[in-house]
Structures are given as structure tokens and as C-alpha cells.
Amino acid sequence: MKVGDNTIVTLEYVLMDNSGEILESSKEDGEYEYLHGIGEMLPGVEKVLIGLEKGASIDIVIPPEEGFGIKSEEMIFEVDKDIFPEETVFEKGMEFDIEDDDGENIITIVELRGEKVLIDKNHPLAGETLKVQAEILDVRKAEDWEIEHWGHHHHHEGCDHDHEHDNSNH
């Protein structure tokens with residue numbers, strides 16, 4: 001079966017920055033399964049996987065536009081410290097997971113300015129050229145309920161399915 005819309009693809013992958021430093025790896029996080037065609041996977045990766053089959057490998061470089069996007073100056077702005085939880089100890093470079101009108105985001109503290117904080121709501125990897133190596137472990141047709149479920153509720157962060165078969169690091 002070939003990768004295409006409405007297929008569920010299981011990958012072993014390594015995501016690196018341009019210098020080759022490993023940012024994410026399925027060896028650490030467990031193999032990654034996603035529904036192809038709904039924008040859950042980085043566009044640059046999704047594009048290259050189309051038409052490939054189980055067992056195929058990719059080793060690609062992705063420009064920011066096909067990764068986590070271009071850094072936007074509009075996403076860097078000041079907020080009052082009091083919007084954070086009271087016990088927050090502010091440090092430059094700290095990252096917070098937030099949920100707001102745009103959905104789930106990661107914000108990074110850029111600068112402390114007295115009672116205000118300069119934050120960056122761009123994804124931490126926005127503007128980065130990335131390298132991805134991946135191997136397709138499995139490709140199957142998605143069931144209707146999976147398409148329904150994935151489209152609305154599936155966020156890989158904090159995913160609740162277990163990765164018990166991956167105990168290579170324990």
C-alpha cells in the first residue's frame with residue numbers, strides 16, 4: 001500500500017536541526033503514527049512520503065516554509081506578567097505550552113521587562129531549516145472512525161496510547 005490521503009503511516013524518524021543536532025527521535029518517543037493528508041505531519045515530510053511504501057526510507061532537508069513556518073515578527077509581543085501562574089519563575093528562553101484562540105501553542109520568553117515579558121509565539125523551530133530521516137514501518141488504509149477521530153481530537157503531544165513495545169531505552 002502506498003502513502004496517500006487517508007492512510008495511516010507509522011514511522012521511525014529522527015528530526016535534526018541544520019547542524020545535525022537531534023531534536024526529536026522515535027528511539028526516544030516511540031514510533032510515530034499519523035493520518036496522512038490532514039496537516040499533522042510537517043508539509044515537507046508529507047510531500048516526500050506520498051507514493052512510498054512500507055520499508056522505504058527518506059533523508060531530506062526541509063526549508064522553514066515546509067517545516068514549522070517562517071518566524072513572524074507579529075508573533076513577538078509584550079504581555080503582563082500577571083497572565084502567568086503566580087508561582088512562575090521567569091527566565092529568558094523558558095518555554096510554556098499554552099492554549100488560546102489559535103489552539104495549542106508553545107511560547108518562549110524572549111526578554112524580561114519589569115512587570116512585562118516579551119514573548120515569542122512562533123514555534124521554537126520556526127525559521128529553522130530541518131533535516132529529517134525516516135523509515136516507513138507501516139502504511140494502511142485509515143478506517144472511517146480513525147479519520148473522524150484524528151481530524152478532531154488527535155494531538156500527538158501527551159498522546160494517551162502507550163508505546164510499551166518500545167523499551168529499547170528503559
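Keep in mind that this is a model prediction, so the values were computed, not measured.
In this structure, Asp120 contributes its side chain and Thr108 its backbone to no donor-acceptor pair below 3.5 Å. At least one donor-acceptor pair under 3.5 Å links the side chain of Lys131 to the backbone N or O of Asn18. Counting only distance, with no hydrogens or angles, the side chain of Thr7 and the backbone of Val9 share no donor-acceptor pair below 3.5 Å. Side chain of Lys54 to backbone of Arg140: no donor-acceptor contact under 3.5 angstrom is found. When atom types are taken as modelled, the side chain of Glu146 and the backbone of Glu143 share a donor-acceptor pair closer than 3.5 angstrom. Listed for the Glu46 side chain is a donor-acceptor partner under 3.5 Å among the backbone atoms of Gly37.
Around NZ of Lys47, the count of heavy atoms belonging to other residues, nucleotides or ligands within 6.0 Å does not exceed 12.
Taking all atoms of both residues into account, the shortest heavy-atom contact from Ile62 to Gly67 is CG2-N, 3.6 Å. Here the closest heavy-atom approach between residue Ile60 and residue Gly44 is recorded as CD1-O, 3.8 Å.
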From CA spacing to verdict: side-chain contact (heavy atoms from CB on, under 4.5 Å), Leu15, Leu125: CA-CA 11 Å; Leu15 175 67; Leu125 295 172; 4.3 Å; yes
Pair Asp80-Glu115, side-chain contact (heavy atoms from CB on, under 4.5 Å): steps then yes or no: CA-CA 6 Å; Asp80 290 323; Glu115 286 310 298; 5.8 Å; no
Derivation and outcome, side-chain contact (heavy atoms from CB on, under 4.5 Å), residues Asn6 and Trp150: CA-CA 10 Å; Asn6 297 336; Trp150 227 292; over 6 Å; no
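From Asn122, atom CG reaches atom NZ of Lys71 across 4.5 Å, with rounding to the nearest 0.5 Å.
The aromatic rings of Phe84 and Phe96 lie tilted to each other, with the angle between the two planes from 30° to 60°. Using the six-membered ring where Trp is involved, Tyr32 and Tyr34 have ring planes that are parallel, under 30° apart on the 30 and 60° scheme.
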